[in-house]
2 protein chains.
Amino acid sequence: MGIRALQKEKTRRALVDAAFNQLSAERSFSSLSLREVAREANIAPTSFYRHFKDMNELGLTMVDEGGLTLRQMMRKGRQRAEAGGSVIRISVDTFMEVLESNPNVFRILLHERSGTSAPFRGAVAREIEHFISELTHYTESTTQRHPALARVQAESLVTLVFNAGAAALDMKRVERKKLADQLVVQLRMVAKGAEALQKKQLPKVS
Amino acid sequence: MGIRALQKEKTRRALVDAAFNQLSAERSFSSLSLREVAREANIAPTSFYRHFKDMNELGLTMVDEGGLTLRQMMRKGRQRAEAGGSVIRISVDTFMEVLESNPNVFRILLHERSGTSAPFRGAVAREIEHFISELTHYTESTTQRHPALARVQAESLVTLVFNAGAAALDMKRVERKKLADQLVVQLRMVAKGAEALQKKQLPKVS
DNA sequence: TAAATTAGCTTACACATGTAAGCTCAAAAT
DNA sequence: ATTTTGAGCTTACATGTGTAAGCTAATTTA
């Protein structure tokens with residue numbers, strides 16, 4: 001990589017990081033202006049265009065990058081669970097830790113999921129689909145769950161986790177701990193329910 | 001009511017309606033400008049202030065009004081269910097009908113729930129709390145569910161319904177029908193799971 | 001009937017935005 | 001060694017914004 005391409009990559013990262021750093025509970029991506037991001041990254045507004053066609057392109061990059069980050073960290077958490085213990089409990093704890101250390105990564109997914117840009121909603125939906133898909137396969141491989149049911153179960157779980165994540169963003173540590181406990185109950189409830197539905201549909205086995 | 005107060009009320013309604021009508025998949029409340037809303041309502045921009053302190057006040061009014069509308073329609077649906085049939089099925093169908101005829105009422109709740117204004121998030125949270133509360137009481141009165149469990153169950157149900165509603169907004173009738181069916185399965189799953197957890201915690205009864 | 005109130009108007013201002021045009025000068029290619 | 005490329009810059013412009021100041025005219029109150 002030439003010295004030139006290297007510097008370009010560095011500036012591009014500065015732009016992405018600047019955008020992520022400007023996100024907060026009070027500030028969504030769509031409320032950021034090109035000029036603000038450029039200012040934070042220490043480049044002239046018009047230089048922005050050397051890296052992204054427009055703000056949308058930057059935002060979509062952030063969604064992709066964010067989804068990837070989140071999935072990687074959740075996978076790490078699942079590995080932790082292989083050593084023993086409740087997968088649900090450990091996954092929830094991992095999720096909450098990720099949320100605490102990377103709130104803005106989760107924020108952009110959360111906000112743009114119900115945002116006003118169809119491309120953004122699509123990008124977030126794709127990321128969530130990855131979560132659901134991974135979880136479906138995990139469930140199929142660790143239980144005797146019927147594929148279609150495993151899928152519905154995974155969708156429910158991911159929905160509940162994301163919803164709790166959204167609530168957690170507004171909370172302090174102590175409340176968050178309580179929320180995590182409630183989430184664990186919710187997830188166990190879904191798991192139990194899926195089990196029950198499975199038995200109902202396949203009574204011949206018992 | 002004097003002829004003057006009457007006209008004022010009429011203009012106020014025109015403002016609220018104008019704002020609701022400008023909402024769409026591509027347009028959130030926070031992206032509306034005071035001038036746009038005033039234009040749509042056929043008044044001068046500065047006259048807006050005769051009715052609302054600022055755009056936030058208009059928005060919070062819309063959230064309150066929207067939440068009320070939604071709850072009223074869901075209550076009507078529950079009455080329909082008293083005549084017989086699955087409460088879950090009928091409630092889901094009612095919800096989907098409401099969504100189809102009042103998409104923007106749901107949109108503002110959905111979007112501002114994860115928006116950038118704490119007051120808005122609070123207002124939406126309060127509306128959702130009403131839903132959860134009503135559903136918790138309903139569950140307690142129709143089953144022998146433990147209060148705390150009924151609450152967690154209701155939270156899960158409302159979360160899943162809202163999530164499905166968000167997805168439904170981007171869909172056409174046929175897809176929506178499929179989504180409704182999946183949602184019914186999810187809700188039954190939660191109900192079954194709650195039942196199972198209840199029996200587990202109170203094995204002495206059986 | 002006279003005075004007070006007020007919904008809605010017009011005009012005006014300062015400000016932030018996206019982005020077009022065109023320059024510079026160091027790195028890369030020839 | 002010379003030419004080409006391109007990342008980043010400065011300047012400039014048109015547009016939409018929130019809202020302050022102050023007028024008008026019709027309703028309401030006294």
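In this text, all values refer to a predicted model and were calculated from it rather than measured experimentally.
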Rounded interatomic separation in angstrom, taking [atom1] from [X] and [atom2] from [N]:
{"X": "B/Lys53", "N": "D/dT19", "atom1": "NZ", "atom2": "C1'", "result": "13 Å"}
{"X": "A/Ile3", "N": "D/dG8", "atom1": "CD1", "atom2": "C1'", "result": "15 Å"}
{"X": "A/Ile43", "N": "D/dA7", "atom1": "CD1", "atom2": "P", "result": "11 Å"}
{"X": "B/Tyr49", "N": "D/dG18", "atom1": "OH", "atom2": "P", "result": "7 Å"}
{"X": "A/Gln7", "N": "D/dG6", "atom1": "CD", "atom2": "P", "result": "16 Å"}
{"X": "A/Met55", "N": "C/dT19", "atom1": "CE", "atom2": "C1'", "result": "14 Å"}
{"X": "B/Phe48", "N": "C/dT10", "atom1": "CZ", "atom2": "P", "result": "18 Å"}
{"X": "B/Arg4", "N": "D/dA25", "atom1": "CZ", "atom2": "P", "result": "14 Å"}

Please state whether the phosphate of C/dA7, meaning OP1 or OP2, lies under 4.0 angstrom from any side-chain nitrogen or oxygen of B/Thr11. no
Side-chain N,O (A/Thr46) to OP1/OP2 (C/dT19) below 4.0 Å: no
Cut-off 3.5 Å, side chains only: do [X] and [Y] have a donor facing an acceptor?
{"X": "A/Ser114", "Y": "B/Ser114", "value": "yes"}
{"X": "A/Thr11", "Y": "A/Gln7", "value": "yes"}
{"X": "A/Arg145", "Y": "A/Gln153", "value": "yes"}
{"X": "B/Gln186", "Y": "A/Ser156", "value": "yes"}
{"X": "B/Asn163", "Y": "A/Arg113", "value": "yes"}

Carefully, step by step, assess A/Glu9 and A/Leu6 under the rule side-chain contact (heavy atoms from CB on, under 4.5 Å). CA-CA 5 Å; A/Glu9 182 55 33; A/Leu6 213 100; 5.8 Å; no
Pairwise side-chain contact, B/Met73 with B/Glu97, heavy-atom cut-off 4.5 Å (strictly under): no
Within residues 19-27 of chain A, find the residues that approach DNA chain D with a heavy atom at under 4.0 Å, and present them sorted by residue number. none
Residues within residues 58-65 of chain B bordering DNA chain D, heavy-atom distance below 4.0 Å: none
Hey, which sits more toward the 5' end of DNA chain C by its nearest nucleotide, A/Arg50 or A/Arg39? A/Arg39
Comparing nearest nucleotides in DNA chain C, the 5'-proximal residue of the pair B/Ala44, A/Ser33 is B/Ala44
Donor-acceptor under 3.5 Å (A/Gln22 side chain, A/Ser33 main chain): no
Among D/dG18, D/dA20, C/dT19, which is the nearest nucleotide to the side chain of B/Arg35? D/dG18
With a 6.0 Å cut-off on ring centres, are A/Phe20 and A/Phe29 close enough? no
Which residue lies toward the 5' end of DNA chain D, B/Ala5 or B/Asp54, if each is placed at its nearest nucleotide? B/Asp54
